[in-house]
There are 2 protein chains.
Amino acid sequence: MTEARPLVLVVEDEPQMRRVLRLTLESNGMRYTEAISVREAISKIRAQPPDLIIADLALPDGEGLRVIRAAREDSSVPIVVLSARSQESDKIAALDAGADDYVTKPFSAGELLARLRVGLRHAAARASGESPEAFTLLDLRVDILQRRVTLRNVPVHLTPIEYRLLICLIAKAGQVVTHSELLRAGWGAAKLDQQHYLRIYMTGLRRKLELDPARPTYLHTETGVGYRLSAD
Amino acid sequence: MTEARPLVLVVEDEPQMRRVLRLTLESNGMRYTEAISVREAISKIRAQPPDLIIADLALPDGEGLRVIRAAREDSSVPIVVLSARSQESDKIAALDAGADDYVTKPFSAGELLARLRVGLRHAAARASGESPEAFTLLDLRVDILQRRVTLRNVPVHLTPIEYRLLICLIAKAGQVVTHSELLRAGWGAAKLDQQHYLRIYMTGLRRKLELDPARPTYLHTETGVGYRLSAD
DNA sequence: AAACTGCGCAAAGATTCCGTAAAGATTCCG
DNA sequence: CGGAATCTTTACGGAATCTTTGCGCAGTTT
């Protein structure tokens, strides 16, 4: 970002919607650039990486999902999806593909801008490396800087994947972390459907961290959704 | 809204009903404007966009549905429908067309005003881009970010479908949610006709959330139409 | 009064999801 | 090169969830 004003890429095929978005964005301190097709979007993302992407799900030459996947391959740029009221299931697909938020048409300018600000704020937080250096919960202690895990002051050895999963859970301690999020954290975007990997590695983590793996203190299962690390 | 008092457009052909509504609205801090026909309503909506619309379903020169569709084309203004008890199917058609809630004639002033306030509150929340991260009502608390539900500070476990239904109801707290909306939220667009699924899952939700499932505090049945979660 | 409709509720059956073990494949590292 | 650690694959019993089925009740219609 060589400029202070964030660059927003709008992927949208309806001219009128583009016009509305351009006006809304430019009158609120953001720079506007646009793409009409999935192909154009992908090339613009490469040529001039935007600070945020607004993508319409209902695109002509392919699903808008492809924009999301393409953008997620090599960046964590915030993505806000536009969708019609009816496409509930599409929203979920979009979020799973890596979108950060969605706005339902018709929407107000205030609503859209609020979502955009949230996205930009998160990105800024990530960029400035704002992350806790250590996590403590009961007998468990994770020193992220040293990449060191101890249980009752006894060091615990974790494999790389186990460690990535634990860090992912810690980053959202108290919240449910979905299967796809965990799979993304452990294996990357490739194997989002291999849920049984997760079961095997959660078993491993529990064996190493829990007194009684069958009745876990730290790592809780949310059937059909994901896992949750207890908060304090 | 250049004025603090919200502007309410009443679309109604019976003079007496217009008089009652005008008095009710104006003595409760709202501005009143009226339309007698669908055509007049549409032109007034364009000329001076109201903050809320009250539309009688039984209009002479065309169904009141046309008012709803016309208004929904380019705005998300709250729409409350007036209907007679007999027009069950019309209510559903109106809600599907984009109405937010309905009031059955005869109605009390208090009942109507409560619905209007809910509609205006939702509109204000949308305009400011407020996507609620938590919902609290009496002893019930739903933390959407954490995906956690507590009742009197005791965690309540909900299955995925139960949770989706509850979130759907919360999004329209105080307003009716139709069977098909709930079915869509819980199961996707496939099973819109399996209404008995809803009964079973509402039973489950009430068992988990209500003190006396037979006399619910939170989850109310709107016979023939859908369900309603109480507003604060 | 009988038939119908929409709703609440219970319980059994079917399916999906989860935890665990163990064996093969791959990578890491001395 | 060879062993150790790690990752992947396969398999299966049990648990949680979802679906199906059936019945009783209340309000409404015929």
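All chains are named by letter (A, B, ...) in the order of the sequence lines, taking the proteins before the strands, and each is independently numbered beginning at 1. Quick caveat: nothing in here was measured; it's all calculated off a predicted structure.
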Handout entry: Mutual orientation of the aromatic rings belonging to B/Trp187 and B/Tyr197 [parallel < 30°, tilted 30-60°, perpendicular > 60°]
Key =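 Aromatic pair B/Trp187/B/Tyr197 classed tilted.
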
By the Watson-Crick or G-U definition, both distances under 3.5 Å, C/dT27 is matched with D/dA4

If pairing means Watson-Crick or G-U wobble with both distances under 3.5 Å, then the partner of C/dT5 is D/dA26

Nearest whole Å is fine: how far is [N] [atom2] from [X] [atom1]?
X        : N      : atom1 : atom2 : value
B/Lys91  : C/dG6  : NZ    : C1'   : 13 Å
B/His220 : C/dG8  : NE2   : C1'   : 16 Å
B/Leu205 : C/dG8  : CG    : C1'   : 14 Å
B/His157 : C/dC17 : NE2   : P     : 14 Å
A/Leu182 : C/dC18 : CG    : C1'   : 14 Å
B/Asp212 : C/dC9  : CG    : P     : 9 Å
B/Gln195 : C/dG8  : CD    : C1'   : 14 Å
B/Arg215 : C/dG8  : CZ    : C1'   : 14 Å

Look only at the side chain of [X] and the backbone of [Y], and say whether a donor-acceptor pair between them is shorter than 3.5 Å.
X        : Y        : answer
A/Glu210 : A/Thr217 : yes
A/Arg126 : A/Ser76  : yes
B/Arg152 : B/Leu140 : no
A/Arg228 : B/Gln146 : yes

Let's see if you can work this out: which of [options] has an atom nearest to the side-chain heavy atoms of [X]?
X        : options               : result
A/Trp187 : D/dT8, C/dG8, C/dC18  : D/dT8
B/Pro160 : C/dG19, C/dG8, D/dT17 : D/dT17
A/Ile161 : C/dG19, D/dC7, D/dC18 : D/dC7

Worksheet item: Are B/Thr159 and D/dC18 close enough that a side-chain N or O sits under 4.0 Å from OP1 or OP2?
Response: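 Yes, such a contact exists.
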
So does A/Thr221 get a side-chain nitrogen or oxygen closer than 4.0 Å to the phosphate oxygens (OP1/OP2) of D/dA16? no

#### Entry: Sugar-phosphate, base or nothing in reach of A/Thr223, heavy atoms under 4.0 Å
sugar-phosphate

Check your understanding: Counting any heavy atom closer than 4.0 Å, what does A/Tyr201 reach on the DNA or RNA strands: base, sugar-phosphate only, or nothing?
Key -> base

- Message: Can you tell me which residue among B/Arg207, B/Arg147, B/Lys208 is in a salt bridge (charged side-chain N to carboxylate O under 4.0 Å, His left out) with B/Glu162?
- Response: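 The residue from B/Arg207, B/Arg147, B/Lys208 that satisfies salt bridge (charged side-chain N to carboxylate O under 4.0 Å, His left out) with B/Glu162 turns out to be B/Lys208.
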
(request) Say whether A/Arg206 and A/Thr221, considering side chains only, have a donor N or O and an acceptor N or O under 3.5 Å apart. (result)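 Indeed, the side chains of A/Arg206 and A/Thr221 share at least one donor-acceptor pair under 3.5 Å.
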
Notebook entry, point to check: A/His179 or A/Arg207: which one's nearest nucleotide on DNA chain C is closer to the 5' end?
Noted result: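 It is A/His179 whose nearest nucleotide is closer to the 5' end.
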
Identify the pairs formed between an N or O of the protein and an N or O of nucleotides 9-11 of chain D at a distance under 3.5 Å, and give each distance.
residue	atom	partner	partner atom	Å
D/dT9	OP2	A/Tyr197	OH	2.2

B/Tyr102 pairs by side-chain hydrogen bond (donor to acceptor under 3.5 Å, both in side chains) with which of B/Arg115, B/Gln175, B/Glu222?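 By the side-chain hydrogen bond (donor to acceptor under 3.5 Å, both in side chains) criterion, B/Tyr102 pairs with just one of B/Arg115, B/Gln175, B/Glu222: B/Glu222.
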
